[in-house]
Number of protein chains: 2
Amino acid sequence: MSKGEQTREVIVERAAQLFSRKGYFGASLSDLAQETGLGKSGFYNHFKSKDEIAAQAFEYSIKHISQQIADALLDKTNAIERLLALTRVYQNLIEEPFLEGGCPVLNTAVESDDALPQLRELTRKAMDDWQALVQRIVNKGIKNGEIQPEIDSADFATIFISTLEGSIMMSKLYGDPVHIRRAVAFLTNYISTNLKAKV
Amino acid sequence: MSKGEQTREVIVERAAQLFSRKGYFGASLSDLAQETGLGKSGFYNHFKSKDEIAAQAFEYSIKHISQQIADALLDKTNAIERLLALTRVYQNLIEEPFLEGGCPVLNTAVESDDALPQLRELTRKAMDDWQALVQRIVNKGIKNGEIQPEIDSADFATIFISTLEGSIMMSKLYGDPVHIRRAVAFLTNYISTNLKAKV
């Protein structure tokens, strides 16, 4: 990575933190200029617009989570273990957050759905990828006899992601990890009891 | 209701629609002045600040949902039926929305958690009330022998609300009701199978 690329990465990371706390609309250009250390004129030397840095900050955040997912799944081959490892990646968005604002997909989904088509497209893409990952794990688990064959992987992907994201919203609202912990405990039990193939 | 109160209610309702689509930060004072039909100077004759109208718009939205909940529960005495009726109130936030932007508690929670202490307090209060309602239904159901006695009502309230709110987020992101429908189907099955007392 060149010096210029490193500088840009630090800038994008700071912007990601700011957007994470304040949202797209809540983070003003002055905030961005100050938080990135660029100043207003410097900001426009690096980025065409707020849209451009917001898109890059979102992509940066997603790349970070994708890496955490890859690390969590690395040594797991069994579908049940892989799903449980995935719950812990979401739990870490509250318990060991790399972004103060919780989950970037949740935040950007809620803010962009009616108002920001470009960010909404990036968020749909990230959500598509999460659903596809859960579905692949479930379908492979069924094929390998680890998961009960009647499980519908698309249905389960919605429930899995909804429960985790809804509880992240609650934990962030109260500043209390109890809600994500309850969601992970619930899903762990549900996966072990209702998804896991009977031996 | 006096003429003045009626006018104010119409204004607050229009502001609630605007905040619902664009969020607190996304709705500018110009947007508010235009959407409410007040113009900028008229706006400040009615409201001290954006904070004031945002709080009133949020309260208006919550009052509306509370009325829908009261209506849905009116003729239901059994705890299982009451929980199922409650899932349909959340489903209607997507399928028969009174606000274009989906669920005001979800939207305001995500936007306010790190950035807007006053709105965050109102949102916590609304979420407290929802959790307390679910807990009361479950605890009364246990007392009446309708719900299995080992169910933890606080745990269940988190899972119930998280799954519904997370799936509202997904349905809004894609403009597709499939996710809230999956969540309601899942909870209906879970409540009937895992909560309902065995006869």
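Order of the sequence lines sets the chain letters (A, B, ...), proteins ahead of strands, with each chain counted from 1.
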Rounded to the nearest 0.5 Å, what separates atom CD in Glu165(B) from atom CG in Leu106(A)?
10.5 Å

Atom group of Gln131(A) that falls short of 4.5 Å from chain B, counting heavy atoms
side chain

Ignoring hydrogens, what is the shortest heavy-atom contact between Lys22(A) and Ala115(B)? Give both atom names and the distance.
CA-CB, 4.4 Å

Side chain, backbone, both or neither: which part of Met127(A) has a non-hydrogen atom closer than 4.5 Å to chain B?
both

Worked check of side chain to side chain donor-acceptor pair (under 3.5 Å) between Thr163(A) and Thr163(B)
CA-CA 4 Å; Thr163(A) 308; Thr163(B) 308; 3.1 Å; yes

Which atoms of Tyr24(A) come close to chain B, meaning under 4.5 Å heavy atom to heavy atom: side chain ones, backbone ones, both, or neither?
neither

Side chains of Met169(A) and Met169(B): does their closest heavy-atom pair fall under 4.5 Å?
no

How long is the span from the CG atom in Asp155(B) to the CG atom in Asn189(A), to the nearest 0.5 Å?
10.5 Å

Sidechain-backbone polar pair: Arg182(B) side chain, Ile159(A) backbone, donor-acceptor under 3.5 Å
no

Does Lys76(A), at its NZ atom, have more than 12 non-hydrogen atoms belonging to other residues, nucleotides or ligands within less than 6.0 Å?
yes

Is there a path of hydrophobic side-chain contacts, each under 4.5 Å between heavy atoms of I/L/V/M/F/W/Y residues, joining Ile80(B) to Leu187(B)?
yes

Co-membership, hydrophobic cluster, residues Phe98(B) and Val10(B), 4.5 Å side-chain
no

Is Ala154(B) close to chain A through its backbone or its side chain, or both, or neither, when contacts mean heavy atoms under 4.5 Å?
both

Phe186(B) and Tyr190(A) aromatic ring geometry - parallel, tilted or perpendicular at 30°/60° bounds:
perpendicular

I need the Arg21(A) CZ to Asp113(B) CG distance, nearest 0.5 Å.
12.0 Å

Counting only heavy atoms from other residues, nucleotides and ligands, does the tally under 6.0 Å from CD of Gln34(A) exceed 12?
no

Distance col, row Ile168(B):CD1 vs Ser162(A):OG, nearest 0.5 angstrom, shows 9.5 Å

So for atom CD, which belongs to Glu9(A), do other residues, nucleotides or ligands contribute more than 12 heavy atoms lying within a distance under 6.0 Å?
no

Side-chain contact test, heavy atoms from C-beta onward, threshold under 4.5 Å: evaluate it for Asp114(B) versus Lys172(A) and give yes or no.
yes

By a 4.5 Å heavy-atom criterion (distance strictly below it), what part of Ser20(A) contacts chain B: side chain, backbone, both, or neither?
backbone

Which atoms of Ala185(A) approach chain B - backbone, side chain, both or neither, heavy atom under 4.5 Å
neither

Transitive ILVMFWY side-chain link Val178(A) to Val138(B), under 4.5 Å
no

Lys50(B), NZ atom: more than 12 neighbouring heavy atoms under 6.0 Å:
yes

Applying a strict 4.5 Å limit to non-hydrogen atoms, the region of Asp128(A) in contact with chain B is both

